[in-house]
There are 8 protein chains.
Amino acid sequence: MSRDTRTILEEVRSGVLTTEEALLELKQKPFTDIGYAKVDVHRRIRQGVPEIIYGEGKTSQQITGILRALEEAGEDRVLITRLPEATAGQVAEVFPITYHAEARIGIRGDLPEPDVPGTILIATGGTSDIPVAAEAALTAEYLGNRVERLYDVGVAGLHRLLSHVDLIQQASVIIAIAGMEGALASVIGGLAECPVIAVPTSVGYGASFEGLSALLSMMNSCASGVSVVNIDNGFGAAYTASRINHSIRHGGKENS
Amino acid sequence: MSRDTRTILEEVRSGVLTTEEALLELKQKPFTDIGYAKVDVHRRIRQGVPEIIYGEGKTSQQITGILRALEEAGEDRVLITRLPEATAGQVAEVFPITYHAEARIGIRGDLPEPDVPGTILIATGGTSDIPVAAEAALTAEYLGNRVERLYDVGVAGLHRLLSHVDLIQQASVIIAIAGMEGALASVIGGLAECPVIAVPTSVGYGASFEGLSALLSMMNSCASGVSVVNIDNGFGAAYTASRINHSIRHGGKENS
Amino acid sequence: MSRDTRTILEEVRSGVLTTEEALLELKQKPFTDIGYAKVDVHRRIRQGVPEIIYGEGKTSQQITGILRALEEAGEDRVLITRLPEATAGQVAEVFPITYHAEARIGIRGDLPEPDVPGTILIATGGTSDIPVAAEAALTAEYLGNRVERLYDVGVAGLHRLLSHVDLIQQASVIIAIAGMEGALASVIGGLAECPVIAVPTSVGYGASFEGLSALLSMMNSCASGVSVVNIDNGFGAAYTASRINHSIRHGGKENS
Amino acid sequence: MSRDTRTILEEVRSGVLTTEEALLELKQKPFTDIGYAKVDVHRRIRQGVPEIIYGEGKTSQQITGILRALEEAGEDRVLITRLPEATAGQVAEVFPITYHAEARIGIRGDLPEPDVPGTILIATGGTSDIPVAAEAALTAEYLGNRVERLYDVGVAGLHRLLSHVDLIQQASVIIAIAGMEGALASVIGGLAECPVIAVPTSVGYGASFEGLSALLSMMNSCASGVSVVNIDNGFGAAYTASRINHSIRHGGKENS
Amino acid sequence: MSRDTRTILEEVRSGVLTTEEALLELKQKPFTDIGYAKVDVHRRIRQGVPEIIYGEGKTSQQITGILRALEEAGEDRVLITRLPEATAGQVAEVFPITYHAEARIGIRGDLPEPDVPGTILIATGGTSDIPVAAEAALTAEYLGNRVERLYDVGVAGLHRLLSHVDLIQQASVIIAIAGMEGALASVIGGLAECPVIAVPTSVGYGASFEGLSALLSMMNSCASGVSVVNIDNGFGAAYTASRINHSIRHGGKENS
Amino acid sequence: MSRDTRTILEEVRSGVLTTEEALLELKQKPFTDIGYAKVDVHRRIRQGVPEIIYGEGKTSQQITGILRALEEAGEDRVLITRLPEATAGQVAEVFPITYHAEARIGIRGDLPEPDVPGTILIATGGTSDIPVAAEAALTAEYLGNRVERLYDVGVAGLHRLLSHVDLIQQASVIIAIAGMEGALASVIGGLAECPVIAVPTSVGYGASFEGLSALLSMMNSCASGVSVVNIDNGFGAAYTASRINHSIRHGGKENS
Amino acid sequence: MSRDTRTILEEVRSGVLTTEEALLELKQKPFTDIGYAKVDVHRRIRQGVPEIIYGEGKTSQQITGILRALEEAGEDRVLITRLPEATAGQVAEVFPITYHAEARIGIRGDLPEPDVPGTILIATGGTSDIPVAAEAALTAEYLGNRVERLYDVGVAGLHRLLSHVDLIQQASVIIAIAGMEGALASVIGGLAECPVIAVPTSVGYGASFEGLSALLSMMNSCASGVSVVNIDNGFGAAYTASRINHSIRHGGKENS
Amino acid sequence: MSRDTRTILEEVRSGVLTTEEALLELKQKPFTDIGYAKVDVHRRIRQGVPEIIYGEGKTSQQITGILRALEEAGEDRVLITRLPEATAGQVAEVFPITYHAEARIGIRGDLPEPDVPGTILIATGGTSDIPVAAEAALTAEYLGNRVERLYDVGVAGLHRLLSHVDLIQQASVIIAIAGMEGALASVIGGLAECPVIAVPTSVGYGASFEGLSALLSMMNSCASGVSVVNIDNGFGAAYTASRINHSIRHGGKENS
């Protein structure tokens, strides 16, 4: 942002822009205002990733409106998370999207090829955690990462996890997804050398309090190197993991 | 209790007791009333264990009063839990007690020899959990059990625990003590074949909420065969473990 | 596990296994990987009990897949807990299972005869707690235990409980199931000499907070010898009780 | 209040009072304003009980100021609850008060003789609950009630309570005081025919959460006829019990 | 209970009963065991009120089974609380009951005439609290009390409450029902001279947390003489109020 | 109220009113009692705003009853908040109302023209917060305010907010509406010079705990000048904002 | 801020500033960086109020450092809130400050005369709430407001509040401060026509949960026009009230 | 671990190790058992970082014992976190350590030079958050990272943060530390392109609930790319940040 301001200021200085034009540009540039949403049409340029739409609580009209604003800005690859199946059907009548029911994700356009060498390992404690893992996996792939899936390796049957220690030690980033007591994050955190993103899930009942138990467990992990995102937030974990995984590439550049 | 009622009823039937005497006996028998406490002087007979005093919130006068009532009933081996050091000093001026500062336990009389063959394994996640483990260990020994201590084997360094799998598999009962995220209970629960009693501790800070995180974690253990007692309740875990360990002996008798 | 490792190491030493074969065996032995689940096909051997499937949140396809993997490993007796009625119907089209609607349990194969002499007493505070008790009772029977049912003996009408003190005193293990204020566990804990597993239920309304009140109550039981499992977790209580009840037999063996 | 308003209005009507005088009287009558407190000097007349001062968080200057305002209004019997020992000492230099350290209560003047025939039974689960019971007992006596104390009758040793069923059935009102799991209220509620006021106490540790466990337990009592006051609120329970106990007398009057 | 035990003991003494018969009678007398419920068929005798059935979570088969057991014991007036409309319909096919939809109460038999002179005043903060008030009012009437209803007098419009101060001052007991911030209990508690039972309701949204806000508010009432029952527990409040209201009559007797 | 009382008192003094008439008027004047509701028919006079009906939990019969009472008092402009669509349809068959589905608001009569010069700015963090904003906006307009809407300006894309700093600095009052972490209130609070009313919304999932996260966030705002209303309470925020905005006009009068 | 940007841009345009100078000015202008703090030396200009220091958790060195930076910017009137008495003593050795112990406030310089005509009424439920009220009163006076204090008018003794209805109806803004059940806010909210800022306090015990009960109560106020600040946040309430009170003056200007 | 197992297996295969020796090595290798602690003496080799001691709850004897075990293993650079000042003094009598009082950190040996090119930016919302930031900064430096400190840039004065956007955009990883409402993480998350680790602090009062408010806020951040560690856990944030920062270097290697 400071660089942009500088450019605009220099154009004002050199007379390319009037003061009024500069003010206007400062205000209008980064998004298109469609009333119920301010669509960030330059996000791919600023943050290296295209716009992502959070689908929950939006009508299909609102979603297609945002897709249209993005299309007009030249953006035709869009990820829509937490998209109810019914809404997806209505959106699909207007824009072609692929809907992944388990992950509740809709994608306009194709998934890209991985653009960094590292791998994001996505591990779950149980079978019931898979929908959250699917959201994470698709998001990570959409953001250009290679993904490895390792499901149902909860700590109550430690041998299932220990027989895949190689995957844990080769990953660039690990996303550890678990409900109930959420102990998976600590055990993986103790075995891994890379950053671990923990995702508590709402899987469980009674005193799991819809994921609170796993969340607290992960916040208190006795393993260092573990940080946590919101309950069931597979998307957020993947976004963070992708930032880390892509930092590695940038780091490579800085070293040269 | 039903058996006692039967005996009393039969003595009424046979004229050994009058109705009034029977009523009196039903009322007065099991305890001595010293006003601020109803001291259970027949507990060793009814439940196989002598009286145990919960020391917290009691004055030294109250504790010595209870000790005196027990002494008059012929009971000179008593365990006092959660006994503040200052109170212990005051009690010791009246009755000889041994005070274990780390466990905050005072004992009148000697620790008995184990009276059952099995072993109770007491494991902790960290060094800071040792005071709770000490309370559990002394209680278990006081109740006639053989105890094995295994400290600082938290799941973040899994090799510390895995190198003692033999202890886990040879124990009759295991007490798993951990604060923070409390994952130790699940991992031990998955490795053990015997009952596991989990004790959450208040070790930790921030979102550990003084043991709540570990408690919820243990309640939601994905490992079956784990049950939980109150935060920092080393005594209660040992009492339960002793009941189980002594059931084994009884079981042995029933099989013969 | 340490014993197995030793065997494998000795076979490597003696040349029976190559290093690669040993690694392979260490990894593949205890489970069959079917992608969304790592099925523990050797559990009966390692822990003495066959595999149990947690049905909630699994599709019928996932459950039949796990049943098939178990069948291929020679296991044709399987317990499925928290199985929604609709899913049960879909599973039943592929594998013959008996569905117990009140307990939400599906069983493939027959319930075995009790294989230990002791009895597990299952008591409830009210009529509304019976579904949890049914889950516990079927699980305990499935695991080879004799079960006694004692329903609707909540502490507000103490005479209902006191008239069955004999059952309480003859049991090997007691499962005390109650919602609302959960006081049943404390009262039974004070009357019993055997271990008591308390199960809080979500029965109640308002400040019961879906079982939290009963859970806290049971965690704070003033009766020693009580440990607690998750809200509505009849299965977990029965599993723990069965471990204790079967320890008794093992204990008998060790004494000989 | 409506009756008072009527009187004042009638005096306005008849010319005894001017409008301004009436407004003044409506405003000033029921209390003396000493800035930091509005002292209710007519409470004995309106509600039948003299003023009671809540001592916590008040300086000794504030308390003596209130005592002085009451004295000027002719009130020389005052109860001060939750009075810290140090403050009590400072107040005692100005006004003669009797300080009850266990109950943290200061009393100016003498305790009255009981002015109603019924008895308030005050029962506690344990010895550590006695300070709350002492606050309740002194308050009830200050308000003119006969009090019976029954301490350390928690449900884990049911025989201690059952041997006093006669006290429970003869009381006019019962105050059941317990910490930890608070089950005492339900058991007494099931045995009693009179109203039961339950007082949760902060006795306990860990998951007792400073009385929350007992409070929820008592709110969810499966026994009907139990109502609850705040944690450690011995005063409030006694005040309510006294209202009930004195209603009985009034009731007697209404019947005649 | 102690009186019954005495009678039985005396009959044993005199040979009227054998020991075995006495034991049998002690066990079987106060209830009929129908498996899923222990029906208290002598409650009218012991506590002066007929049996009341808590309908929630019970099948219509279970409810009609209990009604039949009561009928066989000669009891044909029964109150069923929290009875879902559908269940009520099924029960009504077997036993004639009157269903009050707003209160979710079913009644077998007629409401009795008031059998005590006092009045129970039932006040609500808003219109939405009326279902809870209806449950309280019908319960109180079923238990033989005269009831006065005062609805929608919440403290935000104080004049609505103040214009009925006469009702507040003439009541024997007041039930104050309010959701949201629950301030009604404190204001009424300050105006009344009789006992006040406060009922928090789940009316509200957001930070009312389904009645928790009102519950805490009422527990912390700055007005003395207020005690609290569970959220939405109109039944419990009425039961307690009836006990108090009937104490008044008994008190009258004791005074003579 | 004191002014009214004075007037009535003076009329009593001068003989215009009898005492009985005065009492009657004090009681009956401010509302019409229709049993289930005390309708405040003089609110427009006392508080400057017409009656507003809280629709949730009321039947259509109750709502039309209140509308009729208001109509009889000459009030034909009424706002009904939290009105379910189905109920709205039933009400509309009796009284003409306009229903705004997104805001869940029904309005009888027309929206008035703004009667004060200032503007209330209503800002939301996201698109999903718009229903709460709509409730606020309609309420504010109904109460005679000019409203400016600024939607989807959450802090994660700060440029969207910063490009509208002019709106923030020109507003008389700002309503900041946000779910999830609720940071919008703090950022606006730091930029604004006028009062800011923060409304947490239940938008979010997992650890948002249905708005609790945003509520706590806003309560702890590091920006001074921010006060908070209940979760999703767009109505309350608008009502408060309108009071402030109308204070400005009154202030103007006082200055002249 | 947008206006400042415009000025700077215009000076760049006209050549008065170079691009680099403009960037520098944009960065450095509004605060002085002293490492551990960024002191806002232009706040009086931007927001119309001088800097205020939050004293808690700051060393006396940090506070005097900030005072020095403000002095260098020409600011010699500073309010320091939540200033521990010991720290105040240390600060007073360097800068002359007046310390108000009850309010825990230190003030450098004199309190100004009121600069607006309206009055802020500060009411408390009890005597123990006065420290919070004192913080609010001093803050309001420091910010140029006239303050009226009305203490100990809690709703349990309604006549104390009702006798001051005139103060409530003449205030420009009201700050309602109460602990325990916090009902004061609702009652005042129903009587007032001006905005009401509610401050929950931590006064109380047990289920007051250190102010949580009052906070929830106030958030759920059934009176419209009430907004809430953090527990014990007298400062924040006064700051908000002052903004509203000063809006009135501005409003007056806009009307002319 | 799998690589180590392979090596040991191959040495068994080749006869270099006997089976017993291999088992012994597998067990003893990674730590030294000193009873109360299992000291991880090979951690520098396995995870690239030397051992770190959590000081809280450990006696000085325990800490010097661990330091001695590490010294014997050749490790003379050790970080001790959460070390109370008194304990530090006692440790310093045995081993030379440098104590940083604000961060509560003791360090044996020197801080190393940075061994990776990237920078970790540590930002705080206020001055009171600095102790947590100091813990993070020292930890990060101890682990070989370059650190930039940016303190007191909370969102209520946005210009303080915006004037340092360059630091935000140049960092490799950012640690955002804030108490109260914790909004700093979201605002930085929206401005940054690198991973952001959020640390809630216990700074605040009332409804901050000792950091819970900030924790929930950060978990719900509307900015993607933010993950969270425990309240006040500066150490954990720095450890995670260092892992990410060192991944960058490894990434560089993988690219070549």
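No experiment lies behind these values; they were computed from the predicted model shown. Naming: A, B, ... by sequence-line order, numbering from 1 per chain.
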Pairs of donor and acceptor atoms, chain D with chain C, under 3.5 Å:
residue  : atom : partner  : partner atom : Å
D/Glu181 : O    : C/Ser217 : OG           : 3.3
D/Glu181 : OE2  : C/Ser186 : OG           : 2.2
D/Glu181 : OE2  : C/Cys222 : N            : 3.1
D/Ser186 : OG   : C/Glu181 : OE2          : 2.2
D/Ala207 : O    : C/Asn220 : ND2          : 2.9
D/Ser208 : N    : C/Asn220 : OD1          : 3.1
D/Ser213 : OG   : C/Leu216 : O            : 3.4
D/Ser213 : OG   : C/Asn220 : ND2          : 3.1
D/Leu216 : O    : C/Ser213 : OG           : 3.4
D/Ser217 : OG   : C/Glu181 : O            : 3.4
D/Ser217 : OG   : C/Ser217 : OG           : 3.2
D/Asn220 : OD1  : C/Ser208 : N            : 3.1
D/Asn220 : ND2  : C/Ala207 : O            : 2.9
D/Asn220 : ND2  : C/Ser213 : OG           : 3.1
D/Cys222 : N    : C/Glu181 : OE2          : 3.1

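Most heavy-atom pairs under 4.5 Å with chain C, from the set D/Ala214, D/Ala207, D/Ala223: that is D/Ala207.
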### Worked verdict on C/Val187 versus D/Val187 for side chain to side chain contact (heavy atoms under 4.5 Å, CB included)
CA-CA 9 Å; C/Val187 173; D/Val187 173; 4.2 Å; yes
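The salt bridge (Lys or Arg N to Asp or Glu O under 4.0 Å) pairs that include a residue from residues 211-231 of chain C number zero, where partners must be two or more places apart or lie in different chains.
Distance CG/D/Leu212 to CG/C/Leu212: 7.0 Å, rounded to 0.5 Å.
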